[in-house]
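Step one of this worksheet: look at the structure below.
Here the structure is a predicted model, which is why all the values come from computation and not from measurement.
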Amino acid sequence: MVSSTTVVSRRRTQALRPARTSSRNKSKSRKIVEDELSDTLCEKCGSGNYPAQLLLCDKCDRGFHLFCLRPILPSVPKGSWFCPSCDDNQNLTKFPLVQTKIVDFFRIQRPSSSTNELTPGKDCQKKRKRSSSLVRTKKRRRLLPFNPTKDPTRRLEQMTSLATALLAAGAEFSNELTYMEGMAPRSANRAALEREGMQVLSKEDTETLHLCKNMMKQGEWPPLMVVFDPKEGFTVEADVFIRDWTIITEYVGDVDYLKNREDDDGDSMMTLLSTNDPSKNLVICPDKRSNIARFINGINNHTPDGKRKRNVKCVRFDVDGESRVLLIASRDIRKGERLYYDYNGYENEYPTEHFV
């Protein structure tokens, strides 16, 4: 004879799998699940909150929040699911923490000598050292390159967190502006068309930006972690202390004319170019191709709370004649602090007093 608690556990687990529940009884079953999960706690955080996000192991029947698992599960997996302690075969219901998979996903350039270490080549190391010296000796304040986490395993975890979020959003990774057929051509992105003018990124800061791009190509990743919050969704946290004026990332995605996106309900579009001719205004659309900038949350700086939270500034620069959008630390950012930038507007140039 099966005990009543066993019957309840099986019924809860089955109800969490949409594929196993008939459409006629789905709404009724889900209500039963929520009622019966009220006493189930997540094994990771110990909380019973957010029952709709609790996933039950098909073997031990213990509960886990989707957002407490590492890597995060973006949705309830189809079919059977086993928790980490019961999953002896490590079935791929999550993005695998395997270096070869990460290398392929982010198209990291493998060093010619070995693929076992995610480290930059000698040329990149020399250039990085030279740029750092420039930052120290110049009287005018310059942008700083990010400092990658030294531990290669932790860097893999950082990249895995972004890969999980991108897969959940149905997007592929890109670290450059993309110009797709049927959208705005690259020739339309001319910084000289900006109606109020645009600050030209200095030679030294352009070198720093290129240094950051090259580091990422070789697997030296920005020290950022994508996490899931039940209220905010995917968001980004600093994984180490980040200094004021550090380049966080470039905002990238498909470049399109604003007129083509007036009815777009996406909430992540970014202004790229504002011209005297509205038909030539450009925006960045990160819904198909994007990087970690897509998951950095915006805040309303018209409120006192919003002003306190903002720690990243969104700045547009003329880089080799094209408009580019950089996200830059606007103050020192503590480890574990979430990143927020102002979505009420953008800035064509950094305040002059910051350069003295």
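- The same ILVMFWY cluster, assembled from side-chain heavy atoms under 4.5 Å apart, contains both Ile242 and Ile296.
- Counting only heavy atoms from C-beta outward, the side chains of Ile328 and Val312 never approach each other to under 4.5 Å.
- Listed for the Arg294 side chain is a donor-acceptor partner under 3.5 Å among the backbone atoms of Pro286.
- Of the possible donor and acceptor atoms, none in the side chain of His65 sits under 3.5 Å from a partner among the backbone N and O of Leu41.
- Look at Arg190 and Glu322 and you find no salt bridge, because none of the NZ, NE, NH1 or NH2 atoms lies under 4.0 Å from a carboxylate O.
- Asn214 places a side-chain N or O within donor-acceptor distance of the main-chain N or O of His210, the cut-off being under 3.5 Å.
- In this view, Asp239 and Arg154 satisfy the salt bridge (charged side-chain N to carboxylate O under 4.0 Å, His left out) rule, not counting sequence neighbours.
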task = Determine, step by step, whether Lys288 and Asp254 satisfy the salt bridge (charged side-chain N to carboxylate O under 4.0 Å, His left out) criterion, reporting the C-alpha distance in whole Å, the side-chain angles of both residues, the deciding distance to 0.1 Å, and the verdict.
result = CA-CA 7 Å; Lys288 301 296 184 183; Asp254 295 335; over 6 Å; no
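- No side-chain heavy atom of Trp81 sits less than 4.5 Å from a side-chain heavy atom of Val76.
- The main-chain N or O of Asn311 is found under 3.5 Å from a side-chain atom of Ser330 such that the two form a donor-acceptor pair.
- Judged by the 6.0 Å and 45° rule, Lys309 forms a cation-pi pair with Tyr340.
- Judged by distance alone, with hydrogens and angles left aside, the side-chain atoms of Ser47 form a donor-acceptor pair with the main-chain N or O of Asn49 at under 3.5 Å.
- Put simply, OG1 on Thr206 and NZ on Lys203 are 10.0 Å apart, with the number rounded to the nearest 0.5 Å.
- For the residue pair Ser279/Asp277, the side-chain donor-acceptor check at 3.5 Å is satisfied.
- A donor-acceptor pair under 3.5 Å is formed between the side chain of Ser174 and the backbone N or O of Glu176.
- Note that the NZ atom of Lys313 and the CZ atom of Arg331 stand 12.0 Å from one another [nearest 0.5 Å].
- For the side chain to side chain contact (heavy atoms under 4.5 Å, CB included) criterion with Ser323, the lone passing option out of Asp318, Asn189, Leu177 is Asn189.
- Ring centroids of Trp221 and Phe146 are separated by 6.0 Å or more, keeping the two rings apart.
- In terms of modelled atom types and a separation under 3.5 Å, the side chain of Arg338 and the main chain of Thr235 share no donor-acceptor contact.
- With hydrogens and angles disregarded, no donor-acceptor distance shorter than 3.5 Å links the side chain of Arg186 to the backbone of Tyr179.
- Using modelled atom types, one side-chain atom of Glu194 and one backbone atom of Ser274 make a donor-acceptor pair closer than 3.5 Å.
- No donor-acceptor pair closer than 3.5 Å links the side chain of Asn291 to the backbone N or O of Asn175.
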